[in-house]
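What's counted below: heavy atoms across the whole structure, side chains too, no hydrogens, waters or symmetry copies. Per chain, numbering begins at 1; letters A, B, ... match sequence-line order.
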Protein chains: 4
Amino acid sequence: MYDIDPSRSEPLFQQIVAAVKRDVATGRLRPGDRLPTVRESALDLVVNPNTIAKAYRVLEAEGVTVSRRGAGTFIAPHRPTTSRRERVRAFREALDEALADAVHRGLTRAEAERAIESALKRFRFGSEEKP
Amino acid sequence: MYDIDPSRSEPLFQQIVAAVKRDVATGRLRPGDRLPTVRESALDLVVNPNTIAKAYRVLEAEGVTVSRRGAGTFIAPHRPTTSRRERVRAFREALDEALADAVHRGLTRAEAERAIESALKRFRFGSEEKP
Amino acid sequence: MYDIDPSRSEPLFQQIVAAVKRDVATGRLRPGDRLPTVRESALDLVVNPNTIAKAYRVLEAEGVTVSRRGAGTFIAPHRPTTSRRERVRAFREALDEALADAVHRGLTRAEAERAIESALKRFRFGSEEKP
Amino acid sequence: MYDIDPSRSEPLFQQIVAAVKRDVATGRLRPGDRLPTVRESALDLVVNPNTIAKAYRVLEAEGVTVSRRGAGTFIAPHRPTTSRRERVRAFREALDEALADAVHRGLTRAEAERAIESALKRFRFGSEEKP
DNA sequence: GTGGTCTAGACCACA
DNA sequence: GTGGTCTAGACCACG
């Protein structure tokens, strides 16, 4: 399902977490959808079931999923709680780091703008009310 | 100098690396500029000197700085070597993760666009001529 | 009847057990009252009948209910058997955990006292005479 | 250090989490204090180091501690974030369950009041400002 | 059959 | 030496 790469330095469980979050944010996974079971995913991605379980635990802790023993793991309804200030700050930090790296790699402004434009299309942002 | 936060999960040396790279990418640090010595930085940031040394080692390995024995550590001239494909791919990945997180935090499209526009202004991209 | 929340980490059957015990302790349910059948409850609470059955089994094991074959499940007459030492110890432990959590959430002493005062009013304690 | 009981049904890591939270809430542990290392605790409590590590991870996730690789695990500065409504609601629920259990065990009102009064003395509540 | 807990033990990243 | 990651495998609680 996901392309997990053990050779990358990012921990496996974090790669899984990021992949699920991306799919939720783009709408490929929607509230109520069921994730594959821990054992299925473990076979699929060729990692230890504990590693999947850890990823699911983190996702649950972040409010992305809910796990029910005996039933499975499901995408939770959205309920962002961070303040506007905080979410903008966090985004700017991540964006700064991405851009700084890109500049060092020689990305041109045009390339950056194209990539951003295309990325913005793929994500499903929350409704535009301004709290 | 930099605001390093030991309580964040990102390793200290990486926070330092990212901060220097950001300053180079925005132009606050320019080729030829000298970085503080390891000891100065260690006192400044209240961090173990080994941690600073590791950050400087990584920066040099990435080609961001050059250290001249007995003279200090300096910002290197830009010389991006990655292929266009590679640099775009890396940027898209980082951007995807930043956006996915932001969406989960409830960022609206308008907020994202404003943050991006402002960030694009702050970074000094390479010249558009040489692909 | 009860507000059972499958997304909470507490097992469903325990939520049901706790709800019944609370109702008995507050007097909403009294000795001799009949509980809904397993099937009724299962439909009502949208829960697997096995889960209800397990809750009833636990309640009976704890002496809160008695089930009479063919007739149903009834609230049992009170007949606490634990020693004073034991019942106080158990209460103190639960109270400690509740208070520790509350303090971490930032509850003030005044808020705690008000909540306690109100709670004490709602519960029907045993007669003070028989130690 | 703590009295952990493997025979209780509560998971070991949760018992450890509760014990640390109680010590923080009573003031036995204060912000900045260092917890025993994972390995020390594991030897001390005769449990697997992974179990301690999990407890520490949960404590960090709840904001009770901060862990720094290479340095240790420390009590974090208090920064309760829950709203007044939420913290009172959570406390009332826990209190209700504790009282319901106690009533079933035959606790008298006098016993309850004495236990409560004594418990209230041991915990360090936040400052009394009303936000 | 689902997720959760725990153990044992190896290896790694960080300070 | 610190905490973190991952594997392997047993056992349990829940629905």
Participant: Taking everything shown except Arg28(D) itself, do over 12 heavy atoms lie less than 6.0 Å from its CZ?
Facilitator: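 No, CZ of Arg28(D) has 12 or fewer neighbouring heavy atoms, counting only those of other groups under 6.0 Å.
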Participant: Which residue, Pro49(D) or Arg39(D), contacts DNA chain E at a nucleotide closer to its 5' end, judged by nearest heavy atom?
Facilitator: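 Closest to the 5' end, via its nearest nucleotide, is Pro49(D).
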Participant: Please work out if Phe13(D) contacts a base, only the sugar-phosphate, or nothing of the nucleic acid, heavy-atom cut-off 4.0 Å.
Facilitator: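 Answer is sugar-phosphate: Phe13(D) comes under 4.0 Å of backbone atoms only.
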Participant: Does Arg68(D) qualify as a cation-pi partner of Phe74(D), given the criterion of NZ or CZ under 6.0 Å from the six-membered ring centre and within 45 degrees of its axis?
Facilitator: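 That pair qualifies as a cation-pi contact.
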Participant: Look at all strands and tell whether Asn50(A) reaches a base, only sugar-phosphate, or nothing, counting heavy atoms closer than 4.0 Å.
Facilitator: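 The answer is base, as Asn50(A) lies within the cut-off (heavy atoms under 4.0 Å) of a base atom.
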Participant: When you list every nucleotide of DNA chain F with an atom under 4.0 Å from a heavy atom of chain A, which one comes first 5' to 3', and which comes last?
Facilitator: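 Reading along DNA chain F, I get dT5(F) to dG15(F).
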Participant: Is the shortest heavy-atom distance from the side chain of His78(A) to the side chain of Val24(A) under 4.5 Å?
Facilitator: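 Yes, their side chains come closer than 4.5 Å.
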Participant: Mind checking whether Tyr56(A) and Thr65(A) have side chains closer than 4.5 Å, heavy atoms only?
Facilitator: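 No, their side chains stay 4.5 Å or more apart.
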Participant: Nearest heavy-atom pair of Pro49(A) and Val38(A): which atoms, and what distance?
Facilitator: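 The answer is O-CG1, 3.4 Å.
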Participant: Just how far, in rounded Å, is C1' of dA15(E) from CD1 of Ile52(B)?
Facilitator: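 Those two atoms, CD1 and C1', are 11 Å apart.
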Participant: Are Ser41(A) and Leu35(A) packed together at the side-chain level, in the sense that at least one heavy-atom pair is separated by less than 4.5 angstrom?
Facilitator: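 Heavy-atom side-chain distance check fails, nothing below 4.5 Å.
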Participant: Nearest-Å distance, CZ (Arg8(B)) to P (dA15(E))?
Facilitator: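 From Arg8(B) CZ to dA15(E) P: 13 Å.
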Participant: Of the residues in residues 69-76 of chain A, which ones touch DNA chain E at a heavy-atom distance under 4.0 Å?
Facilitator: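 Heavy-atom cutoff 4.0 Å gives Arg69(A), Gly70(A), Gly72(A), Thr73(A).
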Participant: How about Asp3(B): does its CG atom have over 12 heavy atoms from other parts shown lying under 6.0 Å from it?
Facilitator: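 Atom CG in Asp3(B) is not packed in, count stays at 12 or less.
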Participant: Nearest heavy atom decides the nucleotide; on that basis, is Leu35(A) or Pro11(B) closer to the 5' end of DNA chain E?
Facilitator: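 It is Leu35(A), whose closest nucleotide lies nearer the 5' terminus.
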Participant: Report the residue (Asn48(A) or Arg68(A)) whose heavy-atom-nearest nucleotide on DNA chain F is the more 5′ of the two.
Facilitator: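 Result of the comparison: Asn48(A).
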Participant: With side chains defined as the heavy atoms from C-beta onward, is the minimum distance between Val20(B) and Tyr2(B) less than 4.5 Å?
Facilitator: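 Answer yes - side chains close enough.
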Participant: Main chain of Ala18(A), side chain of Glu97(B): is a donor-acceptor contact present, judged purely on distance under 3.5 Å?
Facilitator: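 No: the side chain of Glu97(B) does not pair with the backbone of Ala18(A).
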Participant: Hey, which sits more toward the 5' end of DNA chain F by its nearest nucleotide, Leu12(A) or Val38(D)?
Facilitator: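 Looking at DNA chain F, the more 5' nearest nucleotide goes with Val38(D).
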Participant: Surrounding CZ of Arg89(B) (heavy atoms of other residues, nucleotides or ligands, distance under 6.0 Å), is the total greater than 12?
Facilitator: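 Yes, enclosed.
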Participant: As an exercise, state the distance from CG of Leu45(D) to CD of Glu40(D), rounded to the nearest 0.5 Å.
Facilitator: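 With rounding to 0.5 Å, CG (Leu45(D)) is 11.0 Å from CD (Glu40(D)).
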Participant: At under 4.0 Å between heavy atoms, what does Arg57(D) touch on the DNA or RNA strands: base, sugar-phosphate, or nothing?
Facilitator: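 Answer is nothing: Arg57(D) stays at 4.0 Å or more from every strand.
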Participant: What dot-bracket string describes DNA chain F from 5' to 3', counting Watson-Crick and G-U wobble pairs whose defining distances are under 3.5 Å, with [ ] for crossing pairs and | for pairs to another strand?
Facilitator: ||||||||||||||.
